[in-house]
Amino acid sequence: MKKIACIGTGYVGLVSGVMFASIGHNVICIDTDPTKIKQLSAGECTIYEKDLEKYLSDAILNDRIEFSMSYEDIKDISAVFICVGTPPGPDGKANLSYVIDSVLEAANIISDQAIIVIKSTVTPGTCKKLQAMLEEKGCKHKIASNPEFLREGSAVADFQSPDRIVFGGDEFSLNVLHEIYKPLIDEGVKTVETDVTTSELIKHASNSFLAVKLSYINEMANLCEKIGADVETLSLGMGLDKRIGSQFLKSGPGFGGSCFPKDTLALSNLSRDLGVNASVLDAAIDSNLKRYELMKDKISSICADNKNLAILGAAFKAGTDDVRESPAVNIIELLVSDGFKLKIYDPVALENFMKLNIKHASPATSLVDACIGADAIVILTEWEEFAKIDLAKIAEIVSLKVIIDLRKVIKAEEAKKHGFKYYTIGQTNDA
Ligand code: UDX
C-alpha cells in the first residue's frame, strides 16, 4: 500500500481521500479551511454524502487518514491527488488558479519520484501546460490525470464500483496509478490508459454528452405536452434500445449541479477558442438555460395572481445538500422576480440554500410548515419524502388545491383523489 495525499477536501477530495483509505492506503488530506480540518479530524463529515461518515470513522480508527493545513506533512508521499475546485470564471472558463497553486506548492515539498495527479476537472490541455510549467521551474515531477466520475449522492458507491477508471500519463505514472487502484482493478474494474489530454477530454466529453442527452429528453417533454404524448413512456420506449440506454433519460426542470453547467461551458469555450464547431453542445446549454425560464412561465401561468407558493426542494437533485447551479434555485430566483412570495422546504439542503439570501424565499421547518399560508405547491427536487406527502392533510392547508410537480414524484391519480389539480412536465396537464 502507499502513502498518498489529497489536496482539497470538497466533494471530490474528501470522498477520494476517505475511499483511498478504505482500500488500504495511508492518506493525508490537505485543506486551507481550519474549521473543516478540525471537524474532519474529529470524524465529522463536512458534506452530506451517503455512507461517507462511516468510512471516515473507520479510516480514523484504523489510523489510515489524517487531515492537515500544512503541505509540510505530505513530504514522503508517492502520489498527490489535486482535488481543488475549478469554478467557472465570469467568462464561463474554468478558473484553474487553485489547481496551479496547489501543484506548485506540492512540487516544492514532495520527492522527485512522487507523481502529481490531477483529479479536479480541468479544461483539456491543462495537464500538458502544468507539466511544461514544472519543467520550466526545473521540477522533475510527472503530471498525471485521473478524472473522477463520482455523482453526488452516490459518490461512495461510485468509487467502489466505477464503470471505468481513467488514467492519463507516462508509463511511470500509469504504473503508480495502477498500484494505487489495484484493489479495484483486481475486482475487475475496467481501466483506460491514455495520454493526459485524452484523459481530461474523456471526463469533459462524458459529462457534456450526458448533458446533451438530458436537454434532448427535456425538449421531447415539451413536444409531448403539445401533442398529448407521455414522456415517461417515451423514455421507457427509447431507453430499452441498448444504444440509447435508460439512464439520464428522465425529464425534469433542467440539469444543474457543480459539474454539468460548468463542464459544458468549459468545453464549449475551448472549442470556440480553437475554432472548432460545438453547435450540438451549445444548443444543449442554451436549451437548458431556457428551460428554467420555461418552468417559471409554466408555474406563473398556472398560479396567476396566487403568489404565495410552497416550494419543495432546493438541492440540485435528491441525495445531496448541494445547491450549486441548482435548477430549483434558478427557478426560485425567477419566481421571486415575478413577484411570488415563497416558503422553501428541503430536508437536507435548506441551510446551504439560506446562505444564498434570496429575497422573498423564506425557510420552512417542515413540508407542512411550507404549505401553511400557501396558495399552491411546487416540487423542484425529487426527495423521497415528497413522494409520501399526506395529501389529505395538505389539502386542508393550501388555498388552491394545485400541485406543480416538476420531478414527477407524486402520482397524478393520488393527487386528483384528494381533490388536487395536478400539473407536471411531458404529459397532458389538467385542463
Ligand atoms: C455529474 C456526473 O454524473 C458525474 O459522473 C461527474 O463526476 C460529476 O457530474 P452530479 O453533478 O453529481 O454528477 O449529478 P448527476 O447525477 O449527473 O445529475 C446532474 C443533473 O442532471 C442534476 O440536476 C439531475 O437532477 C439531472 N438529471 C440527471 C436529470 O434531470 N435527469 C436524469 O435522468 C439524470
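Since the model is a prediction, treat every value here as computed from it, not as a measurement. Atoms within each ligand, like the ligands themselves, are counted from 1 in listed order.
Judged by distance alone, with hydrogens and angles left aside, the side-chain atoms of N306 form a donor-acceptor pair with the main-chain N or O of C303 at under 3.5 Å. Here the side chain of D338 pairs no donor or acceptor atom with the backbone of F340 at under 3.5 angstrom.
Among residues at least two apart or in separate chains, side chain to side chain donor-acceptor pair (under 3.5 Å) pairs with a member in residues 87-96 are K93-D273, N95-S97. The ring-ring contact (aromatic ring centres under 6.0 Å, His included) pairs that include a residue from residues 187-226 number zero, where partners must be two or more places apart or lie in different chains. Legend: ring-ring contact (aromatic ring centres under 6.0 Å, His included) pairs involving residues 6-43, not counting sequence neighbours, sorted by first then second residue: F20-F81, F20-F159, F20-Y181.
Near ligand 1, residues E148, F149, L150, R151, E152, K203, N207, L214, F248, L249, K250, F255, G256, C259, F260, F316, K317, R407 each place a heavy atom inside the 4.0 Å sphere around the ligand atoms.
What you find for W383 and V409 is that their closest heavy atoms are O-CG1, 4.4 Å.
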